[in-house]
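In what follows, a single structure is set out as structure tokens and then discussed.
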Amino acid sequence: MKKNLITAALADKTGRGLLALCALATLGAFANGVSILFDVAPDRLMSEAWRTLAYLVFVGLLTMIIVAPRNQRGPWELIFLHKIAITVFGIVAAMSNTPDAANTWPIDAGLVVATAIAYVLCRGWQGWRPNSATARSTK
């Protein structure tokens, strides 16, 4: 029994660590986006600002999960939905020789993989069990 608790705690910490790396990478993307805003053409300013500020939303979603991975209903799925959709879009765009698509989609695919591993390690699906004692996060 004690070994199972240690294993579960280690898996939880590992999953949360992966998510923390994803959040840090997203903060890096935010910083890069801010620098882009200083050089972007006026007709692209609003869309670049939208994209850049969206990174902060993802940092928030990741932080919610890091704090309580088995008490969240929705953030995991929102991240999966967006990152899978943008990966597929990026692959299709790369096949059409869209600038930056070939460099961008692998990053989002990596986030999908890291989030999926964290989802399994942290047992993220348990947030959907309304009255389960196992839905509480371990510290």
Side-chain angles (χ1 to χ4, degrees):
M1 177 74 170
K2 186 173 183 174
K3 184 178 180 181
N4 287 344
L5 289 176
I6 292 170
T7 305
L10 180 60
D12 191 68
K13 286 181 182 182
T14 304
R16 288 178 184 204
L18 267 174
L19 293 171
L21 288 174
C22 290
L24 287 173
T26 304
L27 282 174
F30 170 74
N32 183 56
V34 169
S35 70
I36 290 171
L37 288 175
F38 290 106
D39 294 325
V40 73
D43 63 329
R44 300 277 310 143
L45 184 61
M46 283 304 297
S47 59
E48 287 297 325
W50 175 270
R51 182 181 65 84
T52 297
L53 294 171
Y55 290 128
L56 294 179
V57 173
F58 276 94
V59 170
L61 291 170
L62 289 164
T63 301
M64 288 171 59
I65 294 170
I66 292 166
V67 169
R70 287 175 298 289
N71 290 343
Q72 303 300 327
R73 294 180 185 166
W76 289 104
E77 293 78 12
L78 287 171
I79 292 170
F80 282 128
L81 175 68
H82 182 272
K83 293 301 166 193
I84 291 169
I86 201 70
T87 298
V88 171
F89 186 85
I91 291 169
V92 171
M95 291 188 300
S96 302
N97 296 320
T98 301
D100 293 335
N103 295 330
T104 303
W105 77 260
I107 296 167
D108 287 299
L111 289 170
V112 170
V113 171
T115 304
I117 292 169
Y119 185 78
V120 171
L121 290 172
C122 294
R123 299 175 312 279
W125 62 87
Q126 290 183 353
W128 290 98
R129 296 180 182 173
N131 295 317
S132 174
T134 60
R136 290 176 182 56
S137 295
T138 60
K139 301 254 175 174

Residues at least two apart in sequence or cross-chain that pass salt bridge (Lys or Arg N to Asp or Glu O under 4.0 Å) with E48, listed by chain then number, are R44, R51
Within the structure provided, determine whether [X] and [Y] are in side-chain contact (heavy-atom separation under 4.5 Å).
X   : Y   : answer
I79 : I65 : yes
I36 : T52 : no
L10 : T14 : yes

Under the rule for side chain to side chain contact (heavy atoms under 4.5 Å, CB included), what residues qualify as partners of [X], not counting sequence neighbours?
X    : result
I107 : none
A101 : A93, A94, T98
L111 : C22, K83, D108

Answer yes if [X] and [Y] sit in the same cluster of Ile, Leu, Val, Met, Phe, Trp and Tyr residues linked by side chain heavy atoms under 4.5 Å apart, and no otherwise.
X   : Y   : value
L53 : V34 : yes
L27 : L21 : no
I66 : V57 : yes
I84 : L19 : yes

Sorted by first residue and then second, give each salt bridge (Lys or Arg N to Asp or Glu O under 4.0 Å) pair with at least one member in residues 23-39; sequence neighbours left out. none
Any salt bridge (Lys or Arg N to Asp or Glu O under 4.0 Å) involving residues 90-102? Give me the pairs, sequence neighbours left out, ordered by first then second residue. none
Qualifying ring pair (Phe, Tyr, Trp, His ring centres under 6.0 Å) pairs, either residue in residues 93-122, two or more places apart: W76-Y119, F80-Y119, Y119-W125
All pairs passing ring pair (Phe, Tyr, Trp, His ring centres under 6.0 Å) where residues 23-74 contributes a residue, at least two apart: F58-H82
For P69, does its backbone N or O pair with a side-chain atom of Q72 as donor and acceptor, under 3.5 Å? no
Looking only at non-hydrogen atoms, find the nearest pair between [X] and [Y] and report the distance.
X   : Y   : answer
R70 : D12 : NH1-OD1, 2.7 Å
L45 : V40 : CD1-CG1, 3.6 Å
E77 : R73 : OE1-C, 4.3 Å
P75 : L61 : CB-CD2, 4.0 Å

Listing request: all side chain to side chain donor-acceptor pair (under 3.5 Å) pairs with a residue in residues 24-37, at least two apart in sequence or in separate chains. none
Could you identify which residues cluster with I117, counting Ile, Leu, Val, Met, Phe, Trp and Tyr as linked when any side-chain heavy atoms lie under 4.5 Å apart, either directly or through a chain of such contacts? L18, V113, L121
